[in-house]
Amino acid sequence: MFKLSEIQEDALKEAINISIGKAAASLNQMIKEEIFLSVPRVKFAKEKDALGELKLGPEKELSYVSQKFKGTYLDTEAMLLFAETDSLELVKLFLGQHINIEEMSSLEHEAVAEIGNIILNSCMASLANILHDEISGTIPEFVACKAKNIFKMGEKETVEQEILIIFIDFNIKTKEIQGYVILVLDLDSIEVFLNRLLKNLT
Amino acid sequence: MLKDLLINQITDCIKAGIVILNSNNETVFWNKWMESASGLTSAEVLNKNFFDLMPRAKNSRLEQAVENALKLKQSAFISHTINLQLLPLFKKNLRTESVNEIIHNIRIFPLKDEKQNSFVFLNITDETEYFEKERILRQKAYDEKKLNLNLQREIEERLHIEQKLRLSASIIENTKEAVLITEQNAKITFVNPAFTEITGYTPLEAVGRKVSVLKSGKHDSQYYAKMWDSLVSAGSWRGEFINKKPDGSLYTVESSIFSIKDESKQITHYVNIFHDITLRKEGEEKLKEMSTIDSLTGLYNRRIFSETYDRIYKSCMRNKEPLSLAFLDVDFFKLYNDIYGHQKGDICLKKIADMVKKNIKRPDDIAARFGGEEFIALLPYTDSKGAFQIMEDVREAVLQLKIPHEKSSVEKYVSISIGIATLTPAKVISKEKLLELADKAMYKAKNEGRNRVLCA
């Protein structure tokens with residue numbers, strides 16, 4: 001089983017912290033609301049067990065935006081995840097309070113996709129900067145599902161596969177919007193990635 | 001060459017905008033859809049800076065995304081939901097001949113050619129129809145919800161009223177208070193079970209008849225006129241009625257009547273709520289009868305006086321002894337009350353009564369309050385002279401109380417006038433004669449200046 005050394009974990013957390021911080025700043029510019037971020041939590045787990053890390057019941061209706069990023073040192077799936085009601089609040093925050101809707105339609109899905117895109121791209125751009133690498137990403141995909149199905153989107157075998165998951169609590173206090181940024185890293189590439197991080201950060 | 005031609009044909013067939021920019025933001029590809037939507041031909045835009053052609057997109061999310069695609073190789077998605085009016089793209093509706101802006105999303109991808117030159121691929125999709133449909137659906141859902149909400153509110157309101165009515169109906173059915181509702185013309189429209197219990201009239205017998213069916217004839221027309229006055233002017237009346245049952249028996253009710261007005265403030269109905277106080281009244285009467293002592297003065301009351309007078313008159317008649325009777329009346333007592341108030345008036349009466357009691361103390365003597373400020377003294381076996389002496393003592397004693405009476409024209413203090421009559425009872429003389437004579441003597445005493453004792 002893979003285990004991070006203390007220095008590896010610190011480097012990882014610092015890199016993610018910097019990247020997410022940049023992402024939050026770019027979001028903050030758009031909505032003029034203060035955004036709070038937790039210290040990243042790093043977990044090795046099977047995808048199917050990762051759910052417990054999110055303090056959400058398995059039947060909770062969620063929506064998330066997912067993008068895959070690939071660079072020389074990094075291969076990851078990044079997600080911005082909210083309870084469905086919170087993502088609706090987020091859309092309202094972007095579009096102004098005048099929209100009077102209680103249910104998300106495709107129009108709101110598009111909006112969430114773009115918001116996710118902004119945050120995740122910004123986060124990855126910072127990470128690429130740290131790695132001195134180019135990280136290209138796919139177009140954001142919006143998914144609405146129950147919490148228990150979050151990690152079932154990928155190929156079947158990955159569910160049983162151990163992965164590195166990084167969680168960041170993401171909080172807009174005034175609107176009581178709470179979300180998570182989740183990075184799922186493939187263990188095959190983790191060593192290369194961490195070495196590169198350590199080299200560049202120290 | 002063949003490949004390029006094919007690609008051109010394919011991209012021209014696609015119902016979406018395809019734009020490729022080079023690393024200097026210059027347009028290197030512009031498909032047919034873009035030509036028709038922007039009004040700019042491929043020839044007009046090629047090798048021109050895209051953001052010069054589309055100044056509206058300058059400094060927008062789009063420009064940022066294009067830059068990131070070139071520099072960071074990032075893909076991006078730009079939605080019309082967040083970025084209204086991204087590019088000036090239009091579509092002509094041939095049916096209405098109106099020109100409408102195309103609502104669109106843009107997907108941005110970084111590209112590289114074989115020489116590692118960076119390009120940005122913009123895929124612009126028309127979302128207008130979709131957006132419109134969504135808007136209509138949403139409006140419908142909103143309207144429906146509003147309609148349902150209004151309907152729900154209305155139903156709730158009605159339920160609420162009905163509940164209230166049901167509640168008041170059950171109260172009216174079960175209360176011990178009779179409820180009688182009449183129209184403005186006094187015709188009965190509703191009675192409850194308690195009404196039947198008290199009045200003896202069933203709803204069938206009562207409804208449709210005038211409320212006067214309950215009258216006993218014990219009140220004069222003035223009494224009813226006062227009630228109507230109060231009802232019309234104040235909207236309510238409270239008081240007692242003596243009514244008559246169908247079997248002729250009388251009963252007393254304590255009644256509360258109020259009027260009900262419609263929106264235009266016109267009286268439409270009267271509601272009369274009453275309960276039977278016959279028993280209470282009888283009880284009160286009985287209690288009054290049972291008492292012998294006047295509660296204020298502590299002297300005998302008039303009823304006891306009458307009974308005693310009867311007995312003593314006969315006794316004197318048998319024994320052929322003289323019987324004296326005196327009427328005592330406080331001088332200017334109404335004036336006293338007006339000046340000093342009723343409470344002081346009562347105290348004054350009490351003090352006078354004490355003096356009367358103190359001086360009329362022989363075993364067979366009787367002093368009673370006759371009513372108001374009037375007292376009566378019965379002195380058996382006493383002639384006129386003796387009676388005068390006793391009553392003179394009483395008069396002097398009252399004056400010596402020195403109860404101030406500023407407005408009295410006789411004395412500075414409260415005084416009394418006394419009239420005495422004396423006779424030896426006989427069968428030919430009625431009991432009332434003595435009373436009459438004493439009363440006259442008392443009035444004479446008043447006329448002659450008050451604060452004195454006069455014998456008939």
Which bit of [X] is near chain B, if near means a heavy-atom gap under 4.5 Å: side chain, backbone, both or neither?
| X | result |
| --- | --- |
| A:I135 | backbone |
| A:A113 | both |
| A:N117 | side chain |

Closest-packed option against chain A by number of heavy-atom pairs under 4.5 Å, given B:P110, B:A69, B:A65, B:S75: B:S75
Top of B:I78, B:I108, B:L72 for chain A proximity - count of heavy-atom pairs under 4.5 angstrom: B:I78
Please list every donor-acceptor pair under 3.5 Å in which a side-chain atom of residues 52-59 of chain B meets a protein atom from a residue at least two apart or in another chain.
from, atom 1, to, atom 2, distance (Å)
B:D52, OD1, B:K58, NZ, 3.2
B:R56, NH1, B:E101, OE2, 2.6
B:R56, NH2, B:E101, OE2, 3.3

Carboxylate-amine/guanidinium contact B:E157 B:R153, below 4.0 Å: no
Side chain to side chain, A:Y64 and A:S87, heavy atoms closer than 4.5 Å: no
Structural part of B:N105 lying under 4.5 Å from a heavy atom of chain A: side chain
ring-ring contact (aromatic ring centres under 6.0 Å, His included) partners of B:F29, counting only residues at least two apart: none
Identified side chain to side chain contact (heavy atoms under 4.5 Å, CB included) partner of B:Y130 from the options B:E127, B:K133, B:E132: B:E127
